[in-house]
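Lettering of chains follows the sequences in order, A, B, ..., and the numbering in each one begins at 1.
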Amino acid sequence: MTFAKSYEPGAYESDIYAAWEADGIFEPTIPTYPIDNDGNGKDDREEERPEDPSSSDTLKGARPSLRSSKEGLPGRHAYSIVMPPPNANGNLHIGHGLTVALEDSLTRYYRLRGLSSWYIPGADHAGFETWVVYERFLEKQGHTRFEFSRDELYARVWDFVAEQRGNMELQLRALGASCDWDDLTFTLDENVVDRVYTTFEKMWNDGMIYRGEKLVNFCPKHQTAFADIEVEHKDEKGTLWDIAYEIVDESESEDSRLAPSRPSLRGSVAQSAPLRSRTVSNPLIPDSSIIVSTTRPETLFGDVAVAVNPEDERYKDLVGKFVKLPLTDKLIPVITDEHADPEYGTGAVKITPAHDFDDFEVGERHSLPRVQVISEDGKMINVPEEYEGLTATECRKKVLKDLKEQGLLLGEKRIEHSVAHCYKCGTVLEPMLKEQWFVDVEKLATTAMSHLEKGEIKFYPENKGKVLINYLRGLRDWNISRQIPWGIAIPMFRKIDEAATDEPDWIFDRRTNLTEIEKGGVRYVRDDDTFDTWFSSAHWPIVCTNWTEENFNPYYPLNVMETGADILFAWVARMIMVGLYVTGEVPFKEVYLHGLVLDEHGQKMSKSKGNVINPMDLVARYGSDAFRLGILRGRSAGMNQAFSENSVIAGRNLCNKLWNISRFVQAIVESEGDSEVSSSVSRGESDDSPAALRLYSSETSESPSYSTNNMGEDWICREINECLEAVEKDMTEYRFAEAVEILYSTIWDKYADWFLESQKLFKNIELLKETLKTLLIAMHPFAPFVTEAIWQNLPWTEGFIATAKWPARLDYDPISAEEFEKLMVVVSEVRGTLQALPGTNNAKKYGLLYDNDSLVQDNEFLIKILTKVPEINSLNGAPRGLRLALANHELYLDIPEKVVSEYKDALTERIMAVGRELDALNMRMMNPNYVEKAPEHLVKETQDAIAEKEALIARLKQQLEII
RNA sequence: GGGGAUUUAGCUCAGCUGGCUAGAGCGUACGAUUCACAUUCGUAAGGUCACAGGUUCAAGCCCUGUAAUCCCCACCA
């Protein structure tokens with residue numbers, strides 16, 4: 001293969017990925033194995049943070065003996081990370097692009113560091129999301145869900161998803177995700193379902209699962225309930241109506257008091273007995289009524305009380321009395337409850353436990369019945385005949401009209417209040433009384449909090465740990481039932497043999513493939529609901545790593561959980577709770593949360609705004625590496641940050657630069673190097689040794705294959721070492737953008753602009769090879785394709801760069817490296833001054849004169865090539881030309897006096913600028929406290945700087961006088 | 001009401017343990033061009049670090065307060 005003139009990602013990427021995959025280099029190398037009889041296999045693990053492999057002896061040397069009796073089964077050296085499973089049914093969006101860029105960089109980095117890295121891919125059945133898509137699909141075909149049984153629907157969606165699947169996996173490959181595809185976990189895989197059932201059974205046996213009649217947020221369109229977290233609250237304008245409830249004389253109502261009943265678990269429509277109509281006071285006189293305010297008049301039929309605040313003096317006398325529910329004969333009591341806010345409206349509030357979350361709680365406190373008046377399909381039930389069957393909206397109109405006619409509607413006003421909406425279709429959610437399965441979260445949350453408070457999980461950004469604790473503190477019981485067929489069936493069966501009174505009403509059974517089962521002669525029917533997807537997703541680290549009770553698993557807990565900050569509560573919190581519950585360990589040691597990718601103006605991407613960026617489109621145009629580099633740029637943990645094509649273009653340019661650097665080095669090696677020399681760099685790994693084994697090949701302190709011959713060479717070694725150190729630190733701290741930035745500047749500004757330029761003069765073949773190799777490996781986690789493409793093109797590298805060994809530090813002479821910095825200052829000053837001179841193309845016109853300056857004298861050719869001045873000579877005789885503004889050098893540009901005088905203004909400005917700097921330094925030294933209290937080295941630095949600037953000013957002034 | 005963030009160059013963002021003469025990319029201006037790369041090279045301009053106090057020898061960074069922007073949770077009869 002040869003190097004084309006520019007890097008064409010499209011020509012390499014898919015072949016490279018296929019080669020990686022064919023060689024199985026993404027597979028982890030450490031197996032799990034049974035725990036010994038003593039059962040404490042886990043405890044032998046040494047506390048090891050692979051995130052910090054730079055500490056010298058972490059990776060090299062002694063293969064950790066996890067158990068002396070189990071040779072060859074290392075317990076560390078494992079690095080595991082799971083992919084938040086993308087929807088199996090969809091395409092990747094920009095968020096997935098970021099996810100892969102982050103996670104794959106980590107995976108590749110730790111793979112290069114020699115850890116057995118396992119990036120476990122997944123696909124999500126995305127219960128509700130996919131269901132919505134499928135239902136729409138059904139509708140288009142003229143069908144509805146009600147034509148099919150639950151099992152039929154499940155089978156149909158399975159096929160539907162199977163058709164779509166694979167697309168997403170191809171896209172992940174295109175992004176370079178170094179996943180082990182054999183271990184892809186689908187959220188409906190058998191092992192997932194098994195594990196979920198096991199957990200559910202355990203919870204059931206532990207008494208943490210209960211079936212409760214509670215109010216749930218119910219979407220009338222999708223016919224399913226949601227968890228609190230899935231509800232979207234929006235502020236909307238609404239109307240608040242004042243309605244008079246007539247007060248009934250206590251004595252009259254004594255006999256027909258509405259008996260408060262205990263809310264039974266099953267009793268949904270404990271309807272009060274209808275009461276005969278009776279004479280009442282004049283409704284038009286407010287004194288005879290109690291006025292309540294409501295935004296939902298149609299639910300008044302479900303009212304079971306009117307509540308006032310216990311402190312509210314206005315209603316003291318009314319408490320315990322009864323009021324007549326308008327449009328009916330029902331009498332309901334006036335009760336006291338803190339919920340009633342004396343400041344709001346009239347201070348009296350109607351209580352409708354079956355249709356309002358607060359009222360539900362009030363009802364619980366006062367043992368009030370729950371009267372459901374709106375059914376799941378949105379029709380009125382349990383209401384007077386003339387309202388029966390109306391939709392809630394129709395009913396509202398009629399109720400208002402009828403109230404008005406009776407003079408009971410006393411007022412209305414427009415208000416703004418927040419309304420719960422379906423996050424998918426925007427329909428207003430109806431609080432609905434339903435029996436659902438709930439998880440009692442108290443124990444789970446308490447345990448999770450205690451582990452979090454002990455700092456067992458490190459969060460990036462740090463504050464999210466506290467946010468999570470705060471959330472867990474107020475967590476309410478978790479509704480895990482969903483009324484959609486596409487999901488994991490809840491393994492609970494209800495008794496249908498009425499006669500079997502001794503048997504429990506509900507039993508746990510795994511045979512969810514059957515709608516009806518028999519056990520002990522009793523027949524049971526399957527609950528048709530499925531699990532909330534977060535209930536199964538909460539097991540993700542457990543199921544992806546194949547964690548079991550029996551085996552020691554070096555990949556659990558995960559090293560890191562990387563996911564979106566927006567699902568901290570929905571997912572991360574639940575993984576922690578369930579992980580602890582199932583395994584007793586936190587499921588991951590660190591959490592990195594990324595924010596949203598916004599458009600270039602900081603706006604959220606949305607289809608309606610038309611500002612959606614498709615990552616695959618950018619990959620197609622600029623290459624996978626360019627995309628990855630671009631999206632990591634300027635990004636930090638937890639922040640919603642803008643993204644634009646420009647950053648991808650910058651990434652593309654870097655890839656091309658790297659390509660051309662390699663092309664150039666390769667050309668030098670070919671033209672100058674002889675084969676004998678080049679063979680000495682190969683480092684003793686035989687060609688046929690599998691990649692996996694090379695991971696553990698001992699790292700030795702081999703003597704370098706090169707020697708440095710000039711200060712530029714020492715300098716680049718030093719710079720590369722610093723770069724490596726920075727990248728290692730940045731990766732440990734998840735500072736991806738910084739890692740990319742230091743690589744960018746090292747490769748471009750230092751390696752190409754200075755070192756390679758100087759190598760046009762001095763060619764150090766071995767050093768060129770070694771430094772290029774080092775930079776390529778360091779760059780590989782972020783730009784896997786171009787580095788591999790180059791690696792494969794270079795004749796002196798072997799195997800895949802993807803499984804290469806993270807480079808060791810380069811040897812160099814630090815004094816010589818420091819000298820090069822001085823030379824750079826000289827070169828920059830020459831360039832800058834030439835630019836500032838009037839006229840163009842100055843570099844080629846004027847030579848450089850030095851007086852008694854060994855740095856310049858010794859590096860004449862190097863300076864010439866870097867500044868492009870035509871000649872460099874010793875100044876023989878009196879100074880002439882333009883003196884350069886360098887404190888420690890006697891350097892002149894050989895310029896005619898006429899041109900020099902034109903430079904006078906620039907020179908004056910220069911002197912002023914240095915003067916300002918000098919003043920600031922002097923101010924500092926004049927402060928006795930500074931001299932006394934600041935660290936000694938700082939004071940000395942200041943003194944040195946003053947001396948230097950004073951000397952410089954003196955020289956420049958001298959120059960000015962000459963002009 | 002409770003909680004969490006953000007505010008630094010025209011734009012998007014770094015700035016970690018206080019030592020800064022505040023950085024990068026993009027953009028802008030000027031210049032270059034056979035010799036790896038115009039997806040290039042060189043040079044430069046561009047800053048009241050939101051504001052007001054405080055601590056300190058020293059504050060972009062720490063403390064107090066203010067303003068603006070944003071997110072999450074709860075409530076809104």
* Pairwise side-chain hydrogen bond (donor to acceptor under 3.5 Å, both in side chains) hits with a residue in residues 921-935 of chain A, at least two apart -> A:Y930-A:T942
* Asked: Which nucleotide in the list B:G15, B:G3, B:C37 gets nearest to the side chain of A:E738?
  -> B:G15
* Structure fact -> Of B:U21, B:G25, B:G19, the nucleotide closest to the side chain of A:Y744 is B:G25
* Main-chain N/O of A:T352 paired with A:R370 side-chain donor or acceptor, under 3.5 Å -> no
* Asked: Between A:M639 (CE) and B:G15 (C1'), how many Å, whole number?
  -> 13 Å
* To do: Classify the nucleic acid contact of A:L921 as base, sugar-phosphate or nothing, counting any heavy atom under 4.0 Å across all strands shown.
  => nothing
* Compare the minimum distances between each of B:U6, B:C30, B:U39 and the side chain of A:Q835, then state the nucleotide with the smallest one. => B:C30
* Is the number of heavy atoms from other residues, nucleotides or ligands under 6.0 Å of A:E416 CD greater than 12? -> yes
* To do: Looking at every strand, decide which applies to A:P928 at a 4.0 Å heavy-atom threshold: base, sugar-phosphate, or nothing.
  => nothing
* For the side chain of A:A934, starting at C-beta, report the closest nucleotide among B:A36, B:U21, B:C57. => B:C57
* **Euclidean distance for P, B:U8 against B:C51 (whole angstrom)** => 10 Å
* **Nearest-Å distance for atom pair CZ/P, residues A:F736 and B:A24** => 24 Å
* Look at A:R924 and B:U21 and indicate whether a side-chain polar atom (N or O) is within less than 4.0 Å of OP1 or OP2. => yes
* More than 12 heavy atoms of other residues, nucleotides or ligands under 6.0 Å from NZ of A:K763: is that the case? -> yes
* To do: Remember a base hit wins even if backbone is also touched, and classify A:E917 as base, sugar-phosphate or nothing at under 4.0 Å, heavy atoms.
  => base
* **Inter-nucleotide P distance (B:C62, B:C26), Å rounded** => 30 Å
* NA contact type, A:A752, heavy-atom cut-off 4.0 Å: base, sugar-phosphate, or nothing? -> base
* **Separation of atom CD1 in A:I469 from atom C1' in B:C72, rounded to whole Å** => 16 Å
* Structure fact -> In RNA chain B, stems of three or more consecutive pairs, Watson-Crick or G-U, each with both distances under 3.5 Å, turn out to be B:1-7 with B:67-73, B:10-13 with B:23-26, B:28-32 with B:40-44, B:50-54 with B:62-66
* To do: Provide the distance between the two C1' atoms, one in B:G19 and one in B:G46, to the nearest whole Å.
  => 26 Å
* Nearest-angstrom distance, P atom, B:A58 to B:C11 -> 33 Å
* Should A:Q641 be listed as having a side-chain N or O under 4.0 Å from OP1 or OP2 of B:A14? -> yes
* Between B:G19, B:C26, B:G15, spot the one nearest the side chain of A:R735, thanks. => B:G15
* Side-chain donor or acceptor of A:R652 under 3.5 Å from a matching atom on the base of B:U39? -> yes
* **Ring geometry between A:Y744 and A:W748 (parallel below 30°, tilted from 30 to 60°, perpendicular above 60°)** => parallel
* Whole angstrom is fine here: how far is it from CE in A:M926 over to C1' in B:C57? => 14 Å
* Rounded interatomic separation in angstrom, taking CG from A:L629 and P from B:U12 -> 22 Å
* Asked: So A:F569 and A:Y471, would you call those rings parallel, tilted or perpendicular, with 30° and 60° as cut-offs?
  -> parallel
* Donor/acceptor link under 3.5 angstrom from A:K760 side chain onto base of B:C35 -> no
* Pair A:T833, A:E829: side-chain N/O donor-acceptor within cut-off below 3.5 Å -> yes
* OP1 or OP2 of B:A5 under 4.0 Å from side-chain N/O of A:N463 -> yes
* To do: Just call it for A:A642: base, sugar-phosphate, or nothing, with non-hydrogen atoms closer than 4.0 Å on any strand.
  => sugar-phosphate
* Check the distance between B:U39's P and A:N660's CG and give it to me in whole angstrom. => 11 Å
* Taking the P atom of each, how far is B:U55 from B:U12, in whole Å? -> 36 Å
* Starting from the 5' end of RNA chain B, give me the residue, A:I415 or A:V467, whose nearest nucleotide shows up first. => A:V467
* Using a heavy-atom cut-off of under 4.0 Å over every strand shown, decide if A:D753 touches base, sugar-phosphate, or nothing. => sugar-phosphate
* Just call it for A:F569: base, sugar-phosphate, or nothing, with non-hydrogen atoms closer than 4.0 Å on any strand. => sugar-phosphate
* Crowded around A:F762 CZ? As in, over 12 foreign heavy atoms under 6.0 Å? -> yes
* Can you label the angle between the A:Y734 ring and the A:Y460 ring as parallel, tilted or perpendicular, going by 30° and 60°? => tilted
* Is there a donor-acceptor contact under 3.5 Å from the side chain of A:T746 to the main chain of A:C723? -> no
* Would one find a side-chain N or O of A:S636 under 4.0 angstrom from OP1 or OP2 of B:A14? -> yes
* **Side chain of A:N653 (C-beta onward), nearest among B:C57, B:C16, B:U40** => B:U40
* Grab the CZ-P distance between A:F643 and B:C26 for me, whole Å please. => 15 Å
* Nearest to the side chain of A:N646 - B:C72, B:C26, B:A36? -> B:C26
* Asked: Using the C1' atom in both, what is the distance from B:G1 to B:G53, to the nearest Å?
  -> 29 Å
* Ignoring hydrogens and geometry, is there a side-chain-to-backbone donor-acceptor pair from A:N842 to A:Q835 under 3.5 Å? -> no
* To do: Could you tell me whether A:M912 atom CE has more than 12 heavy atoms of other residues or ligands within 6.0 Å of it?
  => no
* Pairwise P distance, B:G27 and B:G18 [rounded to whole Å] -> 36 Å
* Which part of the nucleic acid, if any, lies within contact of A:N841, taking any heavy atom under 4.0 Å across all strands shown: a base, the sugar-phosphate backbone alone, or nothing? -> sugar-phosphate
* Asked: Looking at B:A36, does its base get a donor-acceptor pair with the side chain of A:E757 below 3.5 Å?
  -> yes
* **Phosphate OP1/OP2 of B:C41: any A:W748 side-chain N/O under 4.0 Å** => yes
* Please report, rounded to the nearest Å, how far the C1' atom of B:A44 is from the CG atom of A:L834. => 14 Å
* Asked: If you measure from the P atom in B:G23 to the same atom in B:G60, how many Å do you get, rounded?
  -> 13 Å
* Asked: Under 4.0 Å between a side-chain N/O of A:K657 and OP1 or OP2 of B:C41, yes or no?
  -> yes
* Asked: Between B:A36, B:G4, B:G19, which nucleotide gets closest to the side-chain atoms of A:I661?
  -> B:A36
* Give the nucleotide from the list B:U43, B:A24, B:U21 with an atom nearest to the side chain of A:R831. => B:U43
* **First encountered from the 5' end of RNA chain B, between A:S6 and A:R633** => A:R633
